Amino acid sequence: MQCSTLPTSRRSAGNVRLLTAALFGAAMLAACSSDNSTGTTGTASAIVVASGNAQSGTAGSALATALMVTVTDATGAPVSGATVTFTATGGATLSSSTATTNSSGQATTTVTLGHTAGPDTVTATATGVSTSAIFTATTTAGAAANIAIVSGNTQSALHGTLLTSPLIVQVSDQFGNPVSGAMVTWTASSTGVLGSSTTTTDATGKAQTTWTLPLLAGADTTTASLSGTAATTIFTATGS
């Protein structure tokens, strides 16, 4: 029995169609593979914190790690090209308030903390996403820079006796935040007696000492100096 054959022209056309289909399938597979590895352009559905949360730093300084979020679609695949808006509260400032996600669905900004010690918050939102990603940071006081009288100044008492109220100062950084653990040196101008010649500030930035007036009547002073700086403040008292 003799098998029938297709004309050469028909066989060639069929081969072309098969080759075209194979190439199209390969191209689609490559596109899908690339889409999965480098992010999609699908619809953004969620935004989450990726890195940079819960940092701390001194007032006015930049946080060491940038804030990063990841934007994904409903299947959890990263979404590239999404617009992310960052909003800071608590005095912090941002290098950029908006950013576009990269091929991994990630967007970043950097933060410089505010001048007031306490909590700072940065909220990240993505266009079309109902939820948000929230970063927290803690601003701490900087180096001790200033010293000021709180209470105990301009008292008067019988000469040679202990003043009723202690001498109290407060130490702060350059922005006015109380600084704990700073050393204060106390120096009386004459023969008065101080309860302590050095004290350390407490959690509120305060330090204190007592002062017994000299045996001779008249005006006297005691100087409080902030160790490591040129900052001083002077108390006066009068013995009668």
Side-chain angles (χ1 to χ4, degrees), residues 53-65 87-94 111-122 134-240:
N53 193 27
Q55 297 182 75
S56 63
T58 58
S61 69
L63 290 179
T65 303
T87 305
T89 60
T93 57
L94 305 172
V111 178
T112 298
L113 296 172
H115 295 170
T116 303
D120 287 276
T121 301
V122 176
I134 299 176
F135 298 84
T136 60
T138 302
T139 301
T140 59
N146 304 302
I147 187 169
I149 293 173
V150 175
S151 62
N153 194 26
T154 63
Q155 296 183 73
S156 61
L158 182 65
H159 60 87
T161 62
L162 178 69
L163 291 176
T164 304
S165 300
L167 313 185
I168 302 177
V169 295
Q170 184 166 53
V171 173
S172 59
D173 67 8
Q174 62 175 321
F175 302 116
N177 297 301
V179 177
S180 63
M183 182 174 291
V184 176
T185 301
W186 305 86
T187 307
S189 63
S190 59
T191 57
V193 179
L194 299 171
S196 179
S197 59
T198 58
T199 55
T200 302
T201 56
D202 61 17
T204 65
K206 294 183 177 67
Q208 65 179 16
T209 193
T210 58
W211 186 10
T212 298
L213 294 175
L215 294 177
L216 297 176
D220 286 280
T221 62
T222 288
T223 301
S225 305
L226 178 57
S227 296
T229 74
T232 61
T233 191
I234 300 174
F235 290 83
T236 61
T238 303
S240 57

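As the structure is a prediction and not an experimental result, all values here were calculated from the model.
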Testing the basics here: between [X] and [Y], what is the closest heavy-atom pair and its distance to 0.1 Å?
X    : Y    : answer
L226 : A182 : CD1-CB, 4.1 Å
T121 : I134 : CG2-CG2, 3.6 Å
V169 : W186 : CG1-CH2, 3.8 Å
G60  : T112 : O-CG2, 3.6 Å
T209 : G195 : OG1-N, 3.5 Å
A148 : T233 : C-CG2, 4.4 Å

Once rounded to the nearest 0.5 Å, what's the spacing between atom [atom1] of [X] and atom [atom2] of [Y]?
X    : Y    : atom1 : atom2 : answer
T222 : N153 : OG1   : CG    : 10.0 Å
W211 : S165 : CH2   : OG    : 13.0 Å
T223 : I147 : OG1   : CD1   : 10.0 Å
T89  : D120 : OG1   : CG    : 7.0 Å
L158 : L215 : CG    : CG    : 10.0 Å
L213 : T191 : CG    : OG1   : 9.5 Å

Measuring only between side-chain heavy atoms, which start at C-beta, is [X] closer than 4.5 Å to [Y]?
X    : Y    : answer
L167 : Q155 : yes
T210 : L163 : no
V111 : L94  : yes

For the backbone of [Y] and the side chain of [X], can you confirm whether one donor and one acceptor N or O come within less than 3.5 Å of each other?
X    : Y    : result
D173 : G142 : yes
T140 : G57  : yes
S172 : P178 : no
S189 : T221 : yes
T139 : L113 : no

Requested in this report: Assign the ring pair H115 / F175 to parallel, tilted or perpendicular, where the plane angle (0 to 90°) is split at 30° and 60°.
Outcome: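 Parallel: the ring planes of H115 and F175 meet at under 30°.
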